[in-house]
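Structure, as structure tokens:
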Amino acid sequence: MVPLTGVHCVGVVAATVGIAGLQLVITANGIRMPPPWLYLPIWVALPLALFMRCIALVLACIGVVWRPSLTPESVRGLCYSQWFTGARAVRELGYHPIVPPDEALQRTVKFYTPANQ
């Protein structure tokens with residue numbers, strides 16, 4: 001199922017700081033996100049995204065620029081969960097982060113607060 005919320009940058013933030021970090025960033029900024037208003041099965045969302053891309057290509061032929069918000073890439077991206085750890089870098093390279101993860105997350109929240117923008 002693909003949740004459609006209208007908020008497209010959330011996936012980037014979630015991939016960067018994880019779901020718990022995303023909730024912290026959203027809460028710290030006072031952002032209230034409504035729950036997804038529609039769930040589409042992938043077999044509906046992917047053809048719809050391809051259709052929207054075709055419409056964009058037809059419009060481009062007549063000089064109209066339209067960028068659909070639902071693309072095949074965004075549908076595929078919403079269907080997968082990807083988690084990354086630094087365990088291998090620690091194990092094989094002896095890597096240790098300069099800033100602990102908790103402090104890095106606090107710095108991220110501080111950076112994205114409206115006072116810094």
Side-chain angles (χ1 to χ4, degrees):
M1 299 294 251
V2 178
L4 300 178
T5 61
V7 179
H8 302 291
C9 63
V10 170
V12 175
V13 176
T16 306
V17 298
I19 298 300
L22 173 64
Q23 291 172 345
L24 180 61
V25 169
I26 289 172
T27 304
N29 285 317
I31 300 170
R32 294 178 187 240
M33 286 182 45
W37 56 273
L38 177 65
Y39 285 94
L40 291 177
I42 190 168
W43 60 269
V44 172
L46 194 55
L48 181 62
L50 289 168
F51 177 72
M52 291 175 77
R53 173 162 291 160
C54 290
I55 296 293
L57 290 172
V58 169
L59 290 174
C61 290
I62 60 171
V64 177
V65 177
W66 177 63
R67 300 189 191 283
S69 57
L70 186 64
T71 65
E73 294 80 17
S74 66
V75 170
R76 288 186 196 105
L78 289 170
C79 292
Y80 299 105
S81 295
Q82 297 180 6
W83 298 97
F84 303 97
T85 68
R88 185 174 176 191
V90 171
R91 185 177 62 247
E92 294 182 12
L93 303 174
Y95 171 77
H96 297 288
I98 297 171
V99 179
D102 292 336
E103 183 183 341
L105 188 57
Q106 290 175 353
R107 287 183 183 185
T108 302
V109 169
K110 185 178 178 183
F111 179 80
Y112 283 106
T113 55
N116 279 336
Q117 295 177 0

The reported gap from CG in L59 to CZ in R67 (rounded to nearest 0.5 angstrom) is 12.5 Å
Check whether F51 and V64 end up in the same hydrophobic cluster, where Ile, Leu, Val, Met, Phe, Trp and Tyr are linked by side-chain heavy atoms less than 4.5 Å apart.
yes
Gap between atom CG of L46 and atom CG of L70 - 0.5 Å precision
9.0 Å
Check S69 against S74 and note the closest heavy-atom contact, atom names and distance.
O-OG, 4.0 Å
Under 4.5 Å between side-chain heavy atoms, counting indirect links through other Ile/Leu/Val/Met/Phe/Trp/Tyr residues: same cluster for L48 and V58 or not?
no
Are any of the side-chain nitrogens in E73 or R53 under 4.0 Å away from the carboxylate oxygens of its partner?
yes
I62 CD1: over 12 foreign heavy atoms closer than 6.0 Å:
yes
What's the separation between atom CZ in R76 and atom CG in L78, rounded to the nearest 0.5 Å?
12.0 Å
Any idea which heavy atoms bring I98 and P100 closest together, and the distance?
O-CD, 4.0 Å
Should we say atom CZ of R88 is surrounded by more than 12 heavy atoms from elsewhere, each under 6.0 Å from it?
no
Heavy atoms of P72 and A49 approach each other most closely as N-CB, 3.5 Å
Do V99 and R107 touch side chain to side chain, with heavy atoms closer than 4.5 Å?
yes
Minimum heavy-atom distance V44-P47, with the two atoms named:
O-CD, 3.4 Å
